[in-house]
Every structure is written in C-alpha cells, then in structure tokens.
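Following: one structure in structure tokens, then a few remarks.
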Amino acid sequence: MAEQIYTIPVNDAFDSGCECPVCAMNRELENNAIEYTMGPSYMEDDNRALTDKMGFCPHHTRLLYAQKNRLGLALMLKTHTDKTIKEMKELAAKGPAPKSSFFGKSQTEAPVVEYIKELESTCFICDRMEQMFDRYIDTIFHMWKKDPGFPEKFRSCKGFCTYHYGLLYEKSSDKLKGDNLTSFIDALNNVYFDNMERVNEDISWFIDKFDYRYKNDPWKNSKDALPRGIIKTAHTIIDN
Ligand SMILES: [Zn+2]
Ligand SMILES: [Zn+2]
C-alpha cells in the first residue's frame, strides 16, 4: 500500500506530544516545503516555472522572507514579476468586462481581474503541502485498520484541534466502515472532548493565577495554556 511510506511521519506526529498531531504533521510539511523552496530547487527550471505561475500566499511569503535566503527569494520574485507584468499587460489592454445590456451588470469579470483572482488563489507552498497532507490523512485511517498498535496510540494522544477533529470525523465515513468506523468515531470523540476539557481547565487556572489570592500557588500545567489553547481553537502552532 502506498500509505505505508507515510507511517513514519504519522507515527512521529502522534508521538510528538502536540495538542493536535495533525497540526504537527502540517507544520512538518510546511517546514519541509519552505526548506525545499529555498534550497537548491529554486534553480531548477520546473520549480521556477511553478513558482512563476503560482506565486506564494501572504503567510508563506512571510515565512520565506524569514529564511534569510535573500538572493533565492529575489531570484524567484524577479522571474515571477517578469511573468505577471507581461501577462497582465496583455489582459489589462483588453479593458473591463462588457456590460450585458439588460441588467447593466458585467456577466463576467474583466480578463485582468480573472487572472488576478486565479493568481491569488494559488501558492506553490500551500499546493505542495496539500498534496502530501491528503496522503497523511489517508495513512491515519490505513493505520487504524492495519497497524495493531495504532489505535492505542491514537486514544492516548493529546487530542486534536477542533478543525482537525472535524476533518477526521468527516473523512472517516469515506475511509472506514462497520466496526472500524464505529470504534474510530468513539475513540475520536473521547480523545477530543477529554483533551479539550483538560486544556479548558488549564486556561481556567491560567486566569486564576492573575488573582492575587493564587499568586503563590503553583502554575501546575497552565504556564503554556495559551499557546496550547491556540492550537486547539485556531489550529495554529505559535513559535516561542
Ligand atoms: Zn489540528
Ligand atoms: Zn501558501
């Protein structure tokens, strides 16, 4: 099975102790995609053609800039802007979309606006991550069925963020059936709600610690309650 290639990253994510192993997988994919983009690959014609065409979303542009490979980023932006200037000039020259006579509203967008909407919806890094992410999710279901140790690992992880709980819930009915599906949903619900309640209590104690009456009490597990609560609610891993 193709999924077997991906059991190592999936196991690593479930072993990571992250408040959401799926967020941990996504972060790993993002780090790899950023490294790949800024590594020697930016000199390869195939990749350059893709980055020229797709560009990068605002979030990933920020991460690329933080990599400090200023020459690599400049080279990518140069050929990307060469291409957009050339293509957009041609489309801009075509002018606005013609108005339909009856409603006085454009039936279609201006060609240049259509081009920009398409460009804004693509990102070389998002695209690279999404392809792998779907395989990782499939691997979770594959391991649930085939790997005898995995269900226990799944049940004892720190739960999931709300977004990925929903994603696993949704995909499970396509990927599993019968007893496998029932036991998966049961485990997913337990691990999600138990751990949401745990983090909810950590946040509650974090708030109490601002009260002078608890000033000298121990922090317990609440010192990092905010970044962990942010993973649960916003599927975002905050770097310290
Ligand atoms: Zn998540
Ligand atoms: Zn992106």
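Remember, it's 1-based here, ligands and their atoms both numbered in the order they're listed.
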Checklist line | C123 backbone or side-chain N/O/S under 2.8 Å from the Zn ion (ligand 2) | finding: yes
Check: Taking the N/O/S atoms of H164 one by one, which is nearest to the Zn ion (ligand 1)?
Finding: ND1
Next item on the list: Identify, by name, the N, O or S atom of H60 lying closest to the Zn ion (ligand 2).
Entry: ND1
Notebook entry, point to check: Do the two ring centres, one from Y169 and one from Y192, sit under 6.0 Å apart?
Noted result: no
Notebook entry, point to check: Do other residues, nucleotides or ligands put more than 12 heavy atoms under 6.0 Å from the CG atom of D45?
Noted result: no
Item checked: Under 3.5 Å: donor-acceptor pair, side chain of S222, backbone of D202 -> yes
Checklist line | Residue C161, metal the Zn ion (ligand 1), N/O/S under 2.8 Å | finding: yes
Checklist line | Pair D217 + K209, salt bridge at N-O below 4.0 Å | finding: no
